[in-house]
Amino acid sequence: MEYNFNAIEKKWRQKWKDEPINQPSEDKQNYYCLDMFPYPSGNGLHVGHWRGYVLSDVWSRYQILHGKYVLHPMGWDAFGLPAENYAIAQKMHPAIATAENVENFKRQLEEISAIYDWEKEINTTDPDFYKWTQWIFLKMFEAGLAYEKEMPINWCPSCKTGLANEEVKEACCDRCGSVVTKKNLRQWMLKITEYASRLLDDLEDLDWPEKVKKMQADWIGKSYGAEIDFKVDGIDKEVKVFTTRPDTLYGATFMVLAPENALVDELVSPECKEAVEKYVFQSSTKSSVDRMTDKEKTGVFLGRYAINPLNGNKVPIWIADYVLNDYGTGAIMCVPAHDARDFEFATKFNLPIVQVIAKDGAVQDLTEAYTEDGLMVNSEQFNGVKAAEAKTLILDYLEQKNIGKKTTNYTLRDWVFSRQRYWGEPIPVVHCECCGIVGVKESDLPITLPDVKSYEPTGTGESPLADISDWVNTTCPKCAGPAKRETNTMPQWAGSSWYYLRYVDPKNKEELVSKNKMQEWLPVDMYVGGIEHAVLHLLYARFYNKFLYDIGVVDFKEPFTRLFNQGMVTKNNIKMSKSKGNVVSPDGLVEKYGCDSLRMYELFIGPPEFDSEWDDNGIDGVHRFLNKVWRLVTTNKPIDATKDLERVRHKLIYDITVRMENFSLNTVVSGFMEYTNKLVDMQKRLGGIDKETIDTLIILLSPMVPHISSELWEKLGNTDSIFDRVWPEYDKEKMQDDEIEIVVQISGKMAGKIKVDATTEQDVIIQKAKEAASNKLKNKQIVKEIYVKNKLVNIVAK
RNA sequence: GCCGACAUGGCGGAAUGGCAGACGCAGCGGACUCAAAAUCCGCCGCCCAUAAAGCGUGUGGGUUCGAGUCCCACUGUCGGUACCA
C-alpha cells in the first residue's frame, strides 16, 4: 500500500499553520538561520532554489530538535535591473510585476513546508524598508564615505543608454547589437576601501568555508610595495608607479600606462597622437575580462621617455590595456626579465630585457621571465645582495633620496553605488545652488519613488527620474532655496547589504532595529546561500555591518557567524535558467511525489556544497524509500529490544548525527536507506522491531521529511508534536560489535579477510592473518608486519 | 589573465592514507499476478566462453608498507571577475 502523501501533507501543513511547531519558551536559546533572500523573477522557483531552502529548513528543524527557538525568515530582494527589464518587456510597471512575482514565489515556497515566519516577511521595495536603506546612505554621506566621481560606464551609442556588464555581449549591446563604448558619467561612490584592512583582518575568526575567506582575502588583495616617481625626459612631468618589486628597479626598461590614465593626454607626443587615440578608443570598447584574457599583448608607444631614477637610463613610455587604471597608480614600471607579462610585451615589441636577479649571481640567456629567488646583478652597489634583502635596501634608499615611498596597496576598489535607472532606492540627497550637495532631512525619509509614465532609459544617460520636474525640483534642507533632487538610484546590493538586521524587527517605525531585538537575535547564526555570492554580496554586507557598528547601530563586528554555500543545480551540466531552457519546476514533482519526497531528493542528489546534475528519474528512489519506511512502521509489531537492535539503534544515531553536523546531507539520506534496509531485514528475522528504535528512526527523519514523520509519530499513539522531542543521543560503547573483520594485505595488496573476536590480541590477529594468507606467502621472506587496529594487517614480503 | 573549486561505472554519487564503486537511478534475469501496478529475490567497472589472473578513480611524475585521498607538473569543466545578484 502506497502511503497517501497528498492527504498527509495537506493535513499537517494546516496543523502547523494553526499551531506553529517553533514556539518560544524561557528555557530555549534563540537561533537565527537565514537564507539569502531571492530576487522574485517572473520565471518562478525552480528545483535549484529549492535546494538551498530545503537545506536551511532541515538545519532549522534540526536546531528545534536541539531545543532552540529558531528565526527562519523569508523576504524579497526585489529592486534592480532584472526586475526593471522584466517589467519593460512585459509592458507593465515594475511595482506591479514585482508584486505578481512575489505572490507566485510565495505560493511556490509554501509547497516546501519550511518553517518561515511570514509575519516577518520583508521586501526591499517597500518604502517602510527602503526608508532605512536610505537612512544608512545618509549616515555614510555624513561620515564622508559617500562621494561623487566621474566614472566610465558601458554606453550604447545607438540606444543612448548606459548598460550593465550583463547587457554587453561580446562588446556589443545585448538589445541592439551596436558596438558598446565607454562614457564618463557622474557617479556616487562608497569608500569601501577605507574598511579594507578591517574586512581582511576580521576574516580570520569567522566560521566560514576556507575557500570563501581565501577568495575575499584575494579580492581585497593587500600587497606591500612602493610608489616610485619617474621623471619624464624633456618635459616637467612625473609618472608615479606602484610596484611590489622595488628590488627589480634596475631592470625597469620601459613603462606602461593604462590607456585611461589621465597622464596619457599630457604625455603623448604630437607624432604619436593619432595612433594613441585610436588605441585608447579600441580598448574602451573592451570589457575588463576581455582585456585580461586577450591572448596577445597589445600597446602603442607614447613617443616619450622617462628616466629610471636609479641608473638614469631613458626608458620608453607605452600604453597597453593589460594595465588597469583603477589598480595602483594606473601605471607600472616594466621589468621584462622578471615578470611574465612584461617579458611577453618586451619580446613582442623588441624592448630591452635586463636581468637584475640571477641564480647564484650568474646572468643567463633568458627565454622566459626569471621569477625565482637569487642574487642581485646589474644593480650597481646592490650587486651580490640577496634579492629579498635588496628589496628593503632599495626601498630605504628611495625614501632617503625622496623618489619613492613604501605603500600598502589594495586590489579592492571603491564601490560604484549609483545607477541611472528607475527601479531602485532614490539616493536621498539634493543639489543646491548655494550649499552644494546636501543630505535630505531624516524626518523626510523615505524619499519615495514617484510614479512615472515611462521608466525606460531616457536616452540622455540620466535616470528616468530626471524627467519628472515636479519631483526633481525641491527646496534645500539647509538654506530652503531651490534645489534639485538626486535622480540616480541605488544598486540592488543596497537592500541586500543590511536586510538580515530588519527581519528581527521588521515593523519598527522608529529605528532600523531596536537594541533589544538586536541583542536577542543577532548576529546571524547560520547563513545559507549560493557560492556565487562568495565575494561581492558577502563583502558588501560585511562592510555595511562594520559601518553600522561604528555608528552604534549594532554591537557586533561581523554579521554572519557561520556560512554555508550550496552548489548549483544544473541540467545538462549548465546552471538552470529560463534563457537556457533547462528549468525544472518543483510544482509537478510535488504533485506527483509529494513535498517530503522532493525535499529528500533535493538533498540526495549530491554533496550540498557542490554543483549537482538534476535527473527527474532519481526521485523514484527516495519515494520508494519513504514507502518502505511507512510499511516498516505501520506493519511493525514491537518486540523487546535485543542487543543487536540496540547496537543498530546507536550506530544509526551516530552515523546520522555525525553526517548532519558535517552538513553531509546526501550521505544522511543514504544512511537512512541503509539502516532502513537493515531494519526491514531484522523485522523479518525477529518478527518485529523494538519501540525505541522505531521512535528514534522517525525523530531522526523528521527534519528532512516532516509530514510523513509527524503522521507516523501520531499513528504510534503519540499526542505531542514530534518537534517537541529532542534529538536522540548515542553511546559509542553500545555500538561495539562482538566480532570484527580484519582485511589481510600482502605488500599492500588485498589478499583476503579474517573474522576475529573483538577482544583478540594483536599478536594473535597477525598470526591468524599469516595463516589465512599462507598460500601467497610461500617462498617469500617477511620484511615487515603492519597492524591497523580493528582494520587490517599488511604483511610486507619479498 | 587573476581568484576559487571540481574530475570515480551507462547516470547521480560513496570511501578519518587502509576491501574502490556504499546508497540510489537506469538496465538485465526471476518470483508473485489471468494480466498490470506495487512489492520481493538475484545480476550489474573493464578484459573474459567461464573462472582465475590481470587492468581500473582525467594525464604524467613523486612520497608511502599501502594513494581516489598527500605533493609536483599538466589537461579539461564550472563559479566569480566589481553595473546580474
Side-chain angles (χ1 to χ4, degrees), chain A residues 1-2 36 38-39 41 77 80-82 85 151 153-154 162-168 187 192 209-212 214-219 221 287-295 322 326 340-341 411-421 491-493 496 529-537 539-540 565 567-568 570 573-575 601 604-607 609-622 624-625 627-628 631 664 666-667 669-674 677 680 741-753 783-786 788 791-797:
Chain A
M1 255 280 283
E2 282 244 324
M36 289 182 188
Y39 150 66
S41 79
D77 188 15
L81 179 70
N85 283 346
M151 290 293 286
I153 64 162
N154 298 314
L163 297 175
N165 288 342
E166 177 75 4
E167 297 171 295
V168 182
Q187 301 285 0
I192 189 172
E210 285 306 316
K211 61 174 175 180
V212 177
K214 179 82 170 44
M215 273 193 263
Q216 291 219 349
D218 290 340
W219 185 263
S287 75
S288 61
V289 174
D290 285 345
R291 280 172 61 160
M292 293 301 171
T293 47
D294 272 352
K295 289 266 179 317
Y322 77 95
D326 30 27
R341 288 166 305 176
T411 318
L412 184 69
R413 314 200 292 255
D414 275 345
W415 178 3
V416 182
F417 196 70
S418 46
R419 303 289 183 266
Q420 294 71 49
R421 298 274 181 171
Q492 190 169 11
W493 306 109
S496 63
I531 184 68
E532 64 271 25
H533 300 289
V535 176
L536 295 182
H537 161 61
L539 195 70
Y540 293 152
N565 296 112
M568 295 179 313
T570 61
N573 282 317
I574 39 179
K575 185 176 180 168
Y601 184 55
F604 190 51
I605 54 172
E609 67 272 31
F610 297 137
D611 295 352
S612 288
E613 173 72 9
W614 186 265
D615 176 8
D616 270 353
N617 288 322
I619 193 171
D620 279 312
V622 291
R624 281 175 202 146
F625 162 75
N627 270 306
K628 193 179 269 191
R631 282 193 304 273
S664 175
N666 56 323
T667 62
V669 177
S670 61
F672 277 131
M673 289 172 172
E674 272 175 83
N677 289 343
V680 167
E741 196 175 61
I742 303 282
V743 171
V744 180
Q745 294 183 341
I746 307 292
S747 305
K749 274 196 146 184
M750 167 76 174
K753 294 174 208 176
V783 186
K784 204 171 175 185
E785 290 160 358
I786 291 152
V788 182
K791 237 177 213 161
L792 70 77
V793 175
N794 185 13
I795 300 160
V796 186

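So you know, we letter chains A, B, ... as the sequences are listed, proteins then strands, and number each from 1.
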Base, sugar-phosphate, or nothing for [X], non-hydrogen atoms under 4.0 angstrom?
X: M36(A); answer: nothing
X: W219(A); answer: base
X: Y39(A); answer: nothing

Pairwise C1' distance, rG10(B) and rA26(B) [rounded to whole Å]: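 Nearest-Å result for rA26(B) against rG10(B) at atom C1': 8 Å.
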rG45(B) and rG9(B), which share atom name C1', separated by this distance in whole Å: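 Each nucleotide's C1' atom is 5 Å from the other's.
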Closest-nucleotide 5' rank along RNA chain B - winner of F417(A) and V669(A):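 Its nearest nucleotide being more 5', the pick is V669(A).
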Nearest-nucleotide 5' precedence on RNA chain B, K628(A) against R413(A):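 By nearest-heavy-atom nucleotide position, the 5'-most residue is K628(A).
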Please confirm whether the shortest side-chain N or O distance from [X] to OP1 or OP2 of [N] is below 4.0 Å.
X: R624(A); N: rA26(B); result: yes
X: K784(A); N: rC65(B); result: yes
X: N565(A); N: rA5(B); result: no

Both distances under 3.5 Å, Watson-Crick or G-U wobble: report the partner of [N], or none.
N: rC25(B); answer: rG10(B)
N: rU64(B); answer: none
N: rG79(B); answer: rC3(B)

Pair K784(A), N794(A): side-chain N/O donor-acceptor within cut-off below 3.5 Å: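 Per modelled atom types, K784(A) and N794(A) side chains form no pair under 3.5 Å.
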Should the side chain of [X] and the base of [N] be counted as holding a donor-acceptor pair, with the cut-off at 3.5 Å?
X: K791(A); N: rU16(B); answer: yes
X: K753(A); N: rC19(B); answer: yes
X: Q745(A); N: rG18(B); answer: yes

Intermediate values then yes/no, side chain to side chain contact (heavy atoms under 4.5 Å, CB included), D414(A) and Q187(A): CA-CA 11 Å; D414(A) 275 345; Q187(A) 301 285 0; over 6 Å; no
